[in-house]
Amino acid sequence: MREYDFRGIEAKWHARWVANKTYHVTEDETKQKFYVLNMFPYPSGAGLHVGHPLGYIASDIYARFKRQQGYNVLNPMGYDSYGLPAEQYAIQTGQHPEITTFRNIDRYREQLDKIGFSFDWDREVRTCDPGYYHWTQWAFQQMFRSYFCTSANKAMPIDSLIRHFETRGTEGITAASSEELSFTAAEWQAMSEEKKSRTLMNYRIAFLGETMVNWCPKLGTVLANDEVIDGVSERGGYPVEQKKMRQWCLRVSAYAQRLLDGLQTLEWSDSIKETQKNWIGRSEGTEVRIGVADSDVEFTIFTTRADTMFGVTFFVLAPESELVRQLTTAGQKAEVDKYLAYVKGRTERDRMIDHTVTGVFSGSYGINPITGDKCPIYISEYVLSGYGTGAIMAVPAHDSRDYAFARHFDLPIIPLIEGADVSEESYDAKEGTVMNSPMAGKTAFKGFSLNGLSVKEAIAATKKFVSENGLGRVKVNFRLRDAIFSRQRYWGEPFPVYYKHGIPCMIPEECLPVELPQVENFLPTESGEPPLGNAQIWAWDEVNRKIVDKALIDDKTIFPIELFTMPGFAGSSAYYLRYMDPSNDHALVDDRVAAYWQNVDLYVGGSEHATGHLIYSRFWNKFLFDLGVSKQEEPFHKLINQGMIQGRSNFVYRIKDTNTFVSLGLKDRYDTTPIHVDVNIVRNDILDVDAFKAWRPEYETAEFILEDGKYVCGWAVEKMSKSMFNVVNPDMIVERYGADTLRLYEMFLGPVEQSKPWDTNGIDGCHRFLKKFWQLFWDKEGNLPADATEPTADNMKTLHRLIKKVTADIEAFSYNTSISAFMVATNELTAQKCRSREVLMQMVTLLAPFAPHIAEELWEAMGGEGSVCDAQWPSFDEKFLVESSVQLGVQFNGKVRFSMLFPTDATPEEMVRLATEAPEAQKYLEGKQVVKTIAVPKRIVNIVVK
RNA sequence: GCCCAGAUGGUGGAAUCGGUAGACACGAGGGACUUAAAAUCCCUUGGCCAUUGCGGCCGUACGGGUUCGAGUCCCGUUCCGGGCACCA
């Protein structure tokens, strides 16, 4: 007998893998590639808890499996080390972010190394490394030099747009823009350099824009939409206000349709696709131009309910709209100003929570182009300036918000759908038959009528009528906004931009990367002054092409450099491309290398990135695809979202005002307070009383009321966090049970995609399995099985059933069921006293992706060639699986049928014959008439008799 | 409000195509070995009834339906989780 010495085995193989560079991969044209990727971690100060490696283990199993199937597998790892989390941690601990980040990375690496991953560490990337962010800056510059052509539906060089302006002005251009501009070639040529620069910003994919931003004073920076949740910052939960600021932005909205279309080609879960669909928010509708009575002014409204144009009784403008100024009459000015002041005083959060009706009449009237009716124009905060045109037509009968407004201001309500009762609430459903369009006795523009049509038909008819008669046009709107790309923070990529007399210019590509300067004071400020303002050596010398002291700034050759830095998502948007070619100094990725690895075949990470990273990197990749740098339109073909591991907290119950603790079963007899207790001093919910006394000084004198001599703790599922004392550390598990047990148990816990609480209690089962697996190989004298022993039929059946099951399960990411199958197979082979070397070698091969250390050890001991990582994945043979005997089970429920079990390979006809001829069946069939027989797969026949 | 995904023993979870519900594991109870503990092994473990008998009834959140047969499909309800939300 030999003991399973997991500590010795794991240390030995970890060292061996490092020495042999077992997991280093290179491009190999003779093999098919497979790219497995995990979302790289933020190296936070708390280190890894047991939940973090879940996704890494799942993908590592898949990567090892694919490798054994003969693929050339890329499985890299790195660190997302720029951005808010790293910086907040540094601020909280009062240290420079560079110091804390590097220390955190070392700690992560140390922890990761203990778990036996097949990462190719030679390809590690760090987003804060200049060699890495060189290419983040480079991509930004490419976006600056590009615009999005809507007819080609892709990014194009801005130079081609400039040439168009020079010859034809804006005539015939098809470009995504912030606003629609119109000028002639002559006007363009007459523009100053500054005006030209400003005009081009309207088209560039990376542009400076004066936009409303989410400003978070506490964090001292602006935030992207996905970083704001319920009106407060995602990180820290601080209030966020709307503020107009000049910011770098990325024209993500130009890619909205491609981002939406691409989803169809992806193997992602429905729920995450749905989340992205909602976030992109495509809405097909109609824009209609509205004239204003006694005025030259016109404005445009957007509606998805063109069919309701006959029910318009007023118009509404967003308070921030430019039109407010133009359409407010002198008589209403005081009222309107008062309202605008009120709106300004409200935060984003106020608006979200409080939906009371507010608004003010502008004094002007809009003219409904179809009915010719004059309707009052109101201003109200329920209309958003950022969506559509910032102006709407209000149809109170069929829109609940318009209804509430009409009721509040006592405006008319015209029902347009037969049978709809609008006396109490609006009828918002898009179904029914249209009426009152126009109302009886009235005529509409050009005799237009929708009466009698269904809502769907009416929408289509109105769209057609509006565009044919020049009243407006069909328009698609997206909820997806352009991404705000600058942060007023220190710990991020500097922009490779300097300002020449206020005009932003790119620092030449050859001079990249622009390295983050050292500063004494890196703290953010509430006023929004960027910390890079504290950098002394931070000016661009155009002639000598280098960064110099800002004291030297003059108006001829030395200019200030941008003080903003890039947001966290900048570095994480194209890291998967950089892993392909991580040390290339000449390109983000070599063209031939990119052509080999293509894109990520399997991406594993949390679903919380659905509207952040997973949108940004899809956008970023599409842009690089347009440039020809990325070889695939979509970066991540298949996505698996691992569930969160929650904590399982334990409680002790202290009797109020005492230092006496009562066991769970007896606590209801006393007035108690539950107190979190460190899960590491509790086993199977039984408290280690002595450890508890030693845990904290105040418990030294604690007394206990026990049940059956034990102190039983209560428990609850909560987030894993230090304050709940429920953090379980992977190092501790590895120390006690080994990495292979940890890997197995994390997968055994349940489906990878499901969130579940960590409960250390169950881990013994997996550890026991590995011990049994180990014992399977050694006889009493400590010898391994000899070559000559022939496998029995039972051995082969057990083995091949396992091969079939595990192969299918890994493909389906159903690791928990494969591990169950291993347990069953191991017990069967133990019972069979299997001594076949052939069978056992195959067992090792199958276990290798799950528990690589023990597999390597046994593989070597059995004389296997090379590393078990490269042992070919076995295929199963159906011939070993065929059932050899007829299993017969009869059910008779007092009703008129029964079922039986049959061999797998029997045809339906054979099954019916076997069933009717079986002696057990005869006693039920005797004297009865067969009404019908039903033979179905899975070996069951039902015979209905009467 | 709209959209998506769920609900199975004391616990985590199996049942992959509509075909023996509860695999596998934990926990619990009983037993063996042991001075004792640890480790290991064996038995029981959804509920109720019967247990000198080898069986019966009920059971997959709830109410209906389709089917020879439903955890699985359809309709309705409740509850939990996630996304979007004055987006016109």
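In what follows, chains are A, B, ... by sequence order, proteins preceding strands, each numbered from 1. Values reported hereafter were calculated over all heavy atoms of this structure, with side chains retained and with hydrogens, waters and symmetry mates removed.
- If you check every strand for non-hydrogen atoms under 4.0 Å, A:L384 touches a base.
- Remark: B:rA28 base-pairs with B:rU44; criterion is Watson-Crick or G-U wobble with both hydrogen-bond distances under 3.5 Å.
- The aromatic rings of A:W774 and A:W778 are tilted relative to each other, their planes meeting at an angle between 30° and 60°.
- Checking A:I819 against A:G390, the closest nucleotide of RNA chain B that is more toward the 5' end is the one next to A:I819.
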Give every donor-acceptor pair under 3.5 Å between a side-chain atom in residues 745-752 of chain A and any protein atom, sequence neighbours left out.
| unit_1 | atom_1 | unit_2 | atom_2 | d |
| --- | --- | --- | --- | --- |
| A:Y745 | OH | A:D759 | O | 2.5 |
| A:Y745 | OH | A:G762 | N | 3.4 |

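- Here the P atom of nucleotide B:rA14 and the CZ atom of A:R801 are 20 Å apart, to the nearest Å.
- The aromatic rings of A:Y378 and A:F409 sit tilted, their planes meeting at an angle between 30° and 60°.
- Base pairing of B:rA37: no nucleotide in any strand meets the Watson-Crick or G-U wobble criterion (both distances under 3.5 Å).
- With B:rA14, B:rU16, B:rC24 as the candidates, the nucleotide lying closest to the side chain of A:K805 is B:rU16.
- At a threshold of 4.0 Å, the pair A:E284-A:K475 does not count as salt-bridged, since none of the basic side-chain nitrogens sits closer than that to a carboxylate oxygen.
- When the side-chain nitrogen and oxygen atoms of A:K277 are compared with OP1 and OP2 of B:rC3, none of them lie within a distance under 4.0 Å.
- When the C1' atom is used for both B:rU8 and B:rC62, the distance is 15 Å, rounded to whole Å.
- A salt bridge does not link A:K710 to A:D688: none of the charged nitrogens lies less than 4.0 Å from a carboxylate oxygen.
- Within the shown strands, B:rG65 is the pairing partner of B:rC73 under the Watson-Crick or G-U definition, both distances less than 3.5 Å.
- Only the C1' atoms considered, B:rC73 is 29 Å distant from B:rG1, to the nearest whole Å.
- Between A:H767 and A:Y4, the ring planes lie tilted relative to each other; the angle falls in the 30° to 60° range.
- Per the geometry, CG belonging to A:L776 stands 17 Å off C1' belonging to B:rU40, to the nearest Å.
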- prompt: Given A:E381 and A:L340, is the side-chain contact (heavy atoms from CB on, under 4.5 Å) satisfied, shown in steps?
  reply: CA-CA 9 Å; A:E381 59 179 338; A:L340 294 183; over 6 Å; no
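- A straight line from CD of A:Q754 to C1' of B:rG12 spans 9 Å, rounded to a whole angstrom.
- Pair check for B:rG1 finds B:rC84; Watson-Crick or G-U wobble, both atom distances under 3.5 Å.
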So which protein nitrogen or oxygen atoms get under 3.5 Å of nucleotides 25-34 of chain B's nitrogens or oxygens?
| unit_1 | atom_1 | unit_2 | atom_2 | d |
| --- | --- | --- | --- | --- |
| B:rC26 | OP1 | A:R768 | NH1 | 2.4 |
| B:rG27 | OP1 | A:N684 | ND2 | 3.4 |

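- Distance noted for atom P between B:rG55 and B:rU45: 14 Å (whole Å).
- A:R481 comes within 4.0 angstrom of a base, heavy atoms only.
- Side-chain atoms of A:E381 lie closest to B:rC86 of the nucleotides B:rU40, B:rC86, B:rG13.
- Rounded to the nearest Å, the gap between the C1' atom of B:rC57 and that of B:rC4 is 40 Å.
- Comparing B:rC86, B:rA23, B:rA88 against the side chain of A:H355 picks out B:rC86 as the nearest.
- Using a 4.0 Å heavy-atom distance criterion, A:V316 is classed as making no nucleic acid contact.
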task: Apply the test side-chain hydrogen bond (donor to acceptor under 3.5 Å, both in side chains) to residues A:D307 and A:T462: give CA-CA distance (whole Å), side-chain angles for both, the deciding distance (0.1 Å), then the verdict.
output: CA-CA 6 Å; A:D307 60 306; A:T462 314; over 6 Å; no
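- Between A:E828 and A:R801 there is a salt bridge, since at least one side-chain N of the basic residue sits less than 4.0 Å from a carboxylate O of the acidic one.
- Taking the P atoms as reference points, B:rA88 lies 41 Å from B:rU16, given to the whole Å.
- B:rG12 atom P lies 18 Å from atom CE of A:M747, rounded to whole Å.
- The separation of B:rA14 from B:rA7, taken at their P atoms, amounts to 10 Å, rounded to a whole angstrom.
- In this structure a side-chain-to-backbone donor-acceptor pair under 3.5 Å is present from A:N368 to A:M309.
- Remark: the separation of the C1' atoms in B:rG9 and B:rC17 is 27 Å, to the nearest Å.
- Atom CG of A:L744 and atom CE of A:M823 lie 6.5 Å apart (nearest 0.5 Å).
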Sort me out a list of protein N/O and nucleotides 82-84 of chain B N/O pairs below 3.5 Å, or just none if empty.
| unit_1 | atom_1 | unit_2 | atom_2 | d |
| --- | --- | --- | --- | --- |
| B:rC84 | O3' | A:R479 | NH1 | 3.3 |

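- Residue A:N477 is out of contact with every strand shown, counting any heavy-atom pair closer than 4.0 Å.
- Rounded to a whole angstrom, the distance from the P atom of B:rA21 to that of B:rG46 is 14 Å.
- With B:rA15, B:rG13, B:rU40 as the candidates, the nucleotide lying closest to the side chain of A:T817 is B:rA15.
- With a cut-off of 3.5 Å on both Watson-Crick or G-U wobble distances, the partner of B:rU20 is given as none.
- Residue contacts for A:T356: at a heavy-atom cut-off of 4.0 Å it reaches a base atom on one of the strands shown.
- Ring geometry, A:H609 versus A:H613: the interplanar angle exceeds 60°, so the pair is classed perpendicular (tilted spans 30 to 60°).
- Under 4.0 angstrom from either OP1 or OP2 of B:rA88 there lies at least one side-chain N or O belonging to A:Y387.
- Backbone-only contact: A:P751 has heavy atoms under 4.0 Å from sugar-phosphate atoms and none from a base.
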